[in-house]
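Reviewing the structure listed below.
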Amino acid sequence: MMANLLDGKVMSQEIEEGLKVRVAALKEQGVEVGLTVILVGDDPASQTYVGNKEKACQRLGIASRTLRMPADTTQEALEAAIMEANADPSVHGILVQLPLPRHLDEAHALALILPEKDVDGFHDVNTGRLCRGQDCVVACTPKGALYMLKQAGIPLEGKEAVVVGRSNIVGKPMALLLLQENATVTVCHSRTKDLAEHTRRADILVAAIGKPRFITADMVKEGAAVVDVGINRVDGKLCGDVDFEPVSQKASYITPVPGGVGKMTIAMLMDNTVAAAEKAVLA
C-alpha cells in the first residue's frame with residue numbers, strides 16, 4: 001500500500017496564506033518586513049535557492065534585497081556587509097547563503113549576525129537556546145520537517161526517531177526538536193556501525209546525508225514515517241536520500257523530492273523573517 005504523501009507544496013502554501021495576513025498587519029503599523037540575503041560567488045545551486053527565496057518574498061510582500069558579491073570577496077568585505085545589515089533597522093532578517101567560498105571563515109561570518117536577525121537559525125546563541133529548550137530562531141529545514149510531521153498528526157511522544165546525518169544545519173537541530181517532542185532519538189552518521197539495524201527500529205526516520213537513494217526499503221520499518229531532507233541531482237533529475245518508490249510501499253508517510261521538505265524550508269525562512277519583524281516592533 002502506498003504511503004501517505006507529506007506534501008510540502010500544499011503545506012507551504014497554507015503557511016504563506018497565514019504569513020500574508022501577518023505581513024499586512026505589520027504594514028498597517030508602518031512596518032515593511034525586510035530580508036537581506038548575502039550571496040558570495042556564483043554557485044548554481046545557491047543561485048537557485050536565492051531565486052526561490054526572492055520569489056517567496058515577492059509573493060508575501062516582504063522587501064527582499066540580495067547583495068551579490070564576487071567569489072573572491074575578502075573576509076573583511078563580507079563582514080562589513082553583515083555589519084551594515086545589522087545596523088539597518090529596516091532589515092529584520094539576514095541570511096548568508098551557504099556554502100561560502102573556501103577562503104572565507106563561515107563560522108566567524110555567521111557569528112557576526114545579530115541573533116535576533118539570524119533567520120537561518122545558525123547563530124551560536126540560537127543553537128544554544130535550542131539545546132536548552134528555550135525560545136529561539138530554529139533552523140528552517142528541521143523546523144519545516146517537524147511541522148510536516150505534526151501537521152499530519154503523526155504521534156511523536158514516546159516514539160523511536162532515527163536521524164541519519166549529524167550536520168549543524170539539519171541533523172543536530174532535528175534531533176533536538178524531536179527530543180523536545182518527547183521522542184526517543186538516535187543520531188546516526190558515517191561512523192555508525194550497522195546503520196540498517198538502527199533505521200529499522202525507527203517509527204520516525206529522517207534522512208539528511210546527501211547521498212542519492214541511500215535509504216532503501218530493507219532499511220525501513222513497516223509503517224514508519226519517512227522524512228527525506230536530501231536533494232541530489234542524478235542524470236539531470238532531482239532525487240532524495242531515500243529510494244522513494246520501494247520505500248513508499250513500506251512507509252505510512254513519506255515526503256517527496258522535489259515538493260517536500262525543500263518547500264517547507266523556504267516557508268519557514270519566511271516565517272522566521274516575519275517573526276523577527278514582529279519581535280522588533282514589540283522591542
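One-based numbering along the sequence shown.
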Keeping the roles fixed (side chain from [X], backbone from [Y]), state whether a donor-acceptor pair exists under 3.5 Å.
X	Y	answer
Arg213	Phe244	no
Gln75	Asp105	yes
Lys117	Val91	yes
Asp243	Ile215	no
Thr192	Leu195	no
Asp235	Lys237	no
Asp7	Val10	yes
Asn232	Gly240	yes
Thr199	Met219	yes
His92	Ala276	no

Is it the case that atom [atom1] in [X] sees more than 12 heavy atoms from other parts of the structure closer than 6.0 Å?
X	atom1	result
Asp194	CG	yes
Lys250	NZ	yes
Gln58	CD	no

Closest heavy-atom pair and its distance - [X], [Y]:
X	Y	answer
Met174	Ala145	SD-CB, 3.8 Å
Ala277	Leu26	CB-CD1, 3.9 Å
Leu178	Ala161	CD1-CB, 3.9 Å
Val33	Ile62	O-CG2, 3.5 Å
Leu238	Ile231	CD2-CG2, 3.9 Å
Val187	Gly165	CG1-O, 3.8 Å

By side chain to side chain contact (heavy atoms under 4.5 Å, CB included) - contacts of Val21 (at least two apart):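 Counting only residues at least two positions away or on another chain, Val21 forms no side chain to side chain contact (heavy atoms under 4.5 Å, CB included).
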
Any residue meeting side chain to side chain contact (heavy atoms under 4.5 Å, CB included) with Asn182, in chain and number order, not counting sequence neighbours: Glu157

Can you tell me how far the [atom1] atom of [X] sits from the [atom2] atom of [Y], to the nearest 0.5 Å?
X	Y	atom1	atom2	answer
Glu106	Phe122	CD	CZ	8.5 Å
Leu78	Ile38	CG	CD1	6.0 Å
Gln151	Ile154	CD	CD1	10.5 Å
Lys172	Ser167	NZ	OG	8.0 Å
Asp241	Leu205	CG	CG	10.5 Å
Asp228	Cys239	CG	SG	8.5 Å

Ionic contact status for Lys150 with Glu181, cut-off 4.0 Å: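 Result for this pair is yes, salt bridge flagged.
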
Arg129 with Asp124: basic N within carboxylate O range, under 4.0 Å: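 Salt bridge between Arg129 and Asp124, a charged N being under 4.0 Å from a carboxylate O: no.
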
Candidate pair Glu16 and Arg59, rule salt bridge (Lys or Arg N to Asp or Glu O under 4.0 Å), full reasoning: CA-CA 8 Å; Glu16 286 193 4; Arg59 289 194 300 270; 2.7 Å; yes

Pair Thr186-Glu160, side-chain hydrogen bond (donor to acceptor under 3.5 Å, both in side chains): steps then yes or no: CA-CA 8 Å; Thr186 300; Glu160 289 276 352; 4.7 Å; no

Glu79 vs His108, side-chain hydrogen bond (donor to acceptor under 3.5 Å, both in side chains): CA-CA, chis, key distance, verdict: CA-CA 9 Å; Glu79 293 179 4; His108 194 266; 2.8 Å; yes

Check whether [X] and [Y] end up in the same hydrophobic cluster, where Ile, Leu, Val, Met, Phe, Trp and Tyr are linked by side-chain heavy atoms less than 4.5 Å apart.
X	Y	result
Leu6	Val261	yes
Met268	Val137	no
Val185	Val220	no
Leu269	Leu67	yes
Val163	Ile204	yes

Check against side chain to side chain contact (heavy atoms under 4.5 Å, CB included), Ser64 and Lys53: CA-CA 9 Å; Ser64 174; Lys53 291 163 187 172; over 6 Å; no

Any pair counted as side-chain hydrogen bond (donor to acceptor under 3.5 Å, both in side chains), so long as it reaches residues 255-277, sequence neighbours left out: Arg22-Asp271, Thr141-Thr265, Lys143-Asp271, Lys143-Asn272

Test side chain to side chain contact (heavy atoms under 4.5 Å, CB included) applied to Ile254 and Val247, step by step: CA-CA 8 Å; Ile254 193 168; Val247 170; 3.9 Å; yes

Taking the side chain as every heavy atom from C-beta outward, state whether [X] and [Y] have any atom pair closer than 4.5 Å.
X	Y	answer
Ile266	Tyr49	no
His103	Pro101	yes
Thr127	Leu176	no

Derivation of the side chain to side chain contact (heavy atoms under 4.5 Å, CB included) call for Arg166 and Ser190: CA-CA 9 Å; Arg166 55 177 169 179; Ser190 59; 4.1 Å; yes

Asp88 vs Arg65, salt bridge (Lys or Arg N to Asp or Glu O under 4.0 Å): CA-CA, chis, key distance, verdict: CA-CA 12 Å; Asp88 188 343; Arg65 175 191 176 219; 5.6 Å; no

Side chain to side chain contact (heavy atoms under 4.5 Å, CB included) between Thr66 and Glu54, intermediate numbers included: CA-CA 8 Å; Thr66 301; Glu54 290 172 335; 2.5 Å; yes

Leu35, Val37, Asn86 screened by side-chain contact (heavy atoms from CB on, under 4.5 Å) with Ile94, the one that passes: Asn86

